[in-house]
Q: 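Quick one: this structure, given as structure tokens, is what I'll be asking you about.
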Amino acid sequence: MRAQRALPVEPDARTAAARIVSVDALRGFSLLGILVVNIAFLASGYRMAGMAEPAFGSPSDWAVRWFVTMFAENKFYLLFSFLFGYSFTLQLDSAARQGRAFRPMFLRRLAGLLLIGLAHAVLLFPGDILTTYAVVGLALLFLHRIRPRTAVLLAVALTAVLALGFVLAAVLATLGLDLSGTMTDGAAEAARSDAALSGGFWQIVSEHLRKLSLITVLRVLFQGPAVLAACLLGLAAGKSGALRDLSAHATTLRRLQWTGFTAGLAGASFAALAAWTGVVHKFWGEAVDLATAPLLAAAYAATFLRLLPRVPRIGRALAAPGRMALSNYLAQSLICALIFTGYGLALVDRVSPPMELLIAAGVFAAQVVYSRWWLGGHGYGPVEWLLRYLTYGTRPARPIGASRRLPGRR
């Protein structure tokens, strides 16, 4: 029996569907980059201590470390944060259309995100970013009425202040005053972490709690403002309608590519030198990376969005995990915990960087397949469903057409 042809779609509806798929695909692309970065920290106590794993020093091992540091670290979480800010504007518009009171609804959503993030940080990965989003969301709620231009200027100012802070720390470090706040004996710290992560449940949880106590200050002073800056750019993009019609912003996208790849890659190279060779002080590398990583992330997004119409199958494949990004983000940590910690195989610091990259590719490929299957019969990912329940206080209704294929599939 031949499949029935789909009913004609109005041009506006087709454009809206394509826009939604492009944003979901960009979110899926960001999720892949986050996994490529996070898997190294989930797999090794040495990486969490800011060191290379001593057991892996081959040229291929170092090639992967340099590749991830230059092209992925501090880029994809900014891109994901940009989309968090953009989605915030979509939620505002949706609440206005439905006549809902946005503030109490969004506060409940942030509370749910905070609870999920705390559980993730304690049980699976102390590098969790959901708790940061929950706190930054309060700032977005306070600032949501600002104009797009003001949001961009505030984001630039935040980034500049962060970079100048690391410049000051670098100057003080050259004078003999080290404000890094890190352990002086990184190797001993890493060995202790490896032993704990290879142990039982309570050992793993205790180690996660200990790490959280060490990195909380860095979260407040570094990651929080950086995430807020990216979210403000997403807020500006949502308010100005920059992603509604990409063809109308082709010139802007080209400029982002040119500026982002030139300045961004130069900054990333400098940061990689600081991270792995000690040629420059790490604080100088952090300062340069803070200033240029957003440019490289913007270049990635601009390139991705410009290429997407030419590779619709890739876009549809990435859109599926992007639609349930929260579930997949948590699942990535769970799968890696089962591979690398005492929850499962306990292979911490026993897997080389190239193999970590292969595992990340395999995990994400499986998530693409699983997400497409899941969304064939559900309107939301499982954790997205839970978050909606916590937000609205009622069992989420299954959206009409939830079992249909993703837009654009035949």
Side-chain angles (χ1 to χ4, degrees), residues 34-53 68-69 72-78 80-81 84 113-139 158 161-163 165-166 168-170 173 178-197 203-231 271 274-275 281-283 285-287 289-290 293 329-330 332-333 336-337 340-341 348-349:
I34 287 172
L35 175 58
V36 167
V37 174
N38 283 353
I39 192 170
F41 295 89
L42 285 156
S44 170
Y46 283 89
R47 290 295 287 116
M48 287 294 286
M51 303 174 62
E53 309 91 318
V68 173
T69 301
E73 282 188 20
N74 295 333
K75 284 80 176 178
F76 285 95
Y77 89 85
L78 292 177
F80 207 77
S81 301
F84 183 83
L113 198 62
L114 179 64
L115 291 174
I116 294 170
L118 287 173
H120 176 231
V122 172
L123 297 175
L124 298 175
F125 183 41
D128 166 79
I129 200 171
L130 301 180
T131 50
T132 304
Y133 285 153
V135 176
V136 167
L138 294 175
L158 276 171
V161 169
L162 278 173
F166 276 98
L168 176 61
D178 189 352
L179 301 179
S180 63
T182 56
M183 296 283 184
T184 55
D185 192 349
E189 164 68 11
R192 173 181 175 177
S193 180
D194 282 356
L197 293 175
Q203 286 178 285
I204 296 171
V205 169
S206 297
E207 176 64 12
H208 289 169
L209 289 171
R210 190 178 68 85
K211 286 178 180 175
L212 283 171
S213 67
L214 294 173
I215 65 178
T216 298
V217 174
L218 293 177
R219 288 293 178 83
V220 173
L221 297 180
F222 166 59
Q223 190 183 59
V227 167
L228 177 57
C231 287
H281 197 282
K282 189 172 182 179
F283 283 137
E286 291 285 358
D289 200 34
L290 273 168
Y329 170 70
L330 297 173
Q332 289 171 0
S333 295
C336 288
F340 299 113
T341 75
V348 60
D349 269 318

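Each residue takes its place number in the sequence, starting with 1.
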Q: Not counting sequence neighbours, which residues clear salt bridge (charged side-chain N to carboxylate O under 4.0 Å, His left out) with Asp289? List them please.
A: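 Residues passing salt bridge (charged side-chain N to carboxylate O under 4.0 Å, His left out) with Asp289: Lys75.
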Q: Who passes ring-ring contact (aromatic ring centres under 6.0 Å, His included) against Tyr77, sequence neighbours left out?
A: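 With neighbours one apart ignored, the set is empty.
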Q: With sequence neighbours left out, write down each residue that passes salt bridge (charged side-chain N to carboxylate O under 4.0 Å, His left out) with Glu73, or none if nothing qualifies.
A: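 Result, salt bridge (charged side-chain N to carboxylate O under 4.0 Å, His left out) vs Glu73: Arg47.
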Q: Among residues at least two apart in sequence or on other chains, which ones pass salt bridge (charged side-chain N to carboxylate O under 4.0 Å, His left out) with Lys282?
A: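 In terms of salt bridge (charged side-chain N to carboxylate O under 4.0 Å, His left out), with neighbours along the sequence ignored, Lys282 is linked to no residue.
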Q: Which heavy atom of Cys336 sits nearest to which heavy atom of Ile39, and what is that distance?
A: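 For Cys336 versus Ile39, the nearest heavy atoms are SG-CG1, 3.8 Å.
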Q: Among all residues two or more places apart in sequence or in another chain, which pass the salt bridge (charged side-chain N to carboxylate O under 4.0 Å, His left out) test with Glu286?
A: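 Salt bridge (charged side-chain N to carboxylate O under 4.0 Å, His left out) check on Glu286 returns nothing, list empty.
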Q: Taking side-chain contact (heavy atoms from CB on, under 4.5 Å) as the definition, give me every residue that meets it alongside Ala275, ordered by chain and number, with sequence neighbours left out.
A: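 Scan of Ala275 (side-chain contact (heavy atoms from CB on, under 4.5 Å), adjacent residues dropped) gives Thr69.
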Q: Taking ring-ring contact (aromatic ring centres under 6.0 Å, His included) as the definition, give me every residue that meets it alongside Phe84, ordered by chain and number, with sequence neighbours left out.
A: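 Counting only residues at least two positions away or on another chain, Phe84 forms a ring-ring contact (aromatic ring centres under 6.0 Å, His included) with Tyr133.
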Q: With sequence neighbours excluded, what pairs up with Ser193 under the side-chain hydrogen bond (donor to acceptor under 3.5 Å, both in side chains) test?
A: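 Glu207, Lys211.
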Q: Once ring-ring contact (aromatic ring centres under 6.0 Å, His included) is applied, do any residues pair with His120, and if so which ones, sequence neighbours excluded?
A: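 So His120 forms a ring-ring contact (aromatic ring centres under 6.0 Å, His included) with Tyr329.
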Q: Leu114: what forms a side-chain contact (heavy atoms from CB on, under 4.5 Å) with it, not counting sequence neighbours?
A: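 If we apply the side-chain contact (heavy atoms from CB on, under 4.5 Å) test to Leu114, skipping adjacent residues, the hits are Leu118, Thr131, Ala134.
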Q: To the nearest 0.5 Å, how far apart are CG in Leu42 and CZ in Phe125?
A: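 If we round to the nearest 0.5 Å, Leu42:CG and Phe125:CZ are 4.5 Å apart.
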Q: With rounding to the nearest 0.5 angstrom, report the CG to CZ distance, Leu35 to Phe76.
A: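 One finds 11.0 Å between CG of Leu35 and CZ of Phe76.
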Q: Within a strict 4.5 Å, meaning less than it, do heavy atoms of the Val348 and Thr341 side chains meet?
A: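 No. Closest side-chain heavy atoms not under 4.5 Å.
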Q: Working to the nearest 0.5 angstrom, can you tell me the gap between Asp194 CG and Glu53 CD?
A: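 Output value for this atom pair is 9.5 Å.
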Q: Considering only heavy atoms from C-beta outward, does the side chain of Leu330 approach that of Leu130 to under 4.5 Å?
A: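 Sidechains of Leu130 and Leu330: in contact.
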Q: Who passes side-chain contact (heavy atoms from CB on, under 4.5 Å) against Val122, sequence neighbours left out?
A: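 Once residues adjacent in sequence are excluded, the partners of Val122 under the side-chain contact (heavy atoms from CB on, under 4.5 Å) criterion are Val205, Leu209, Leu212.
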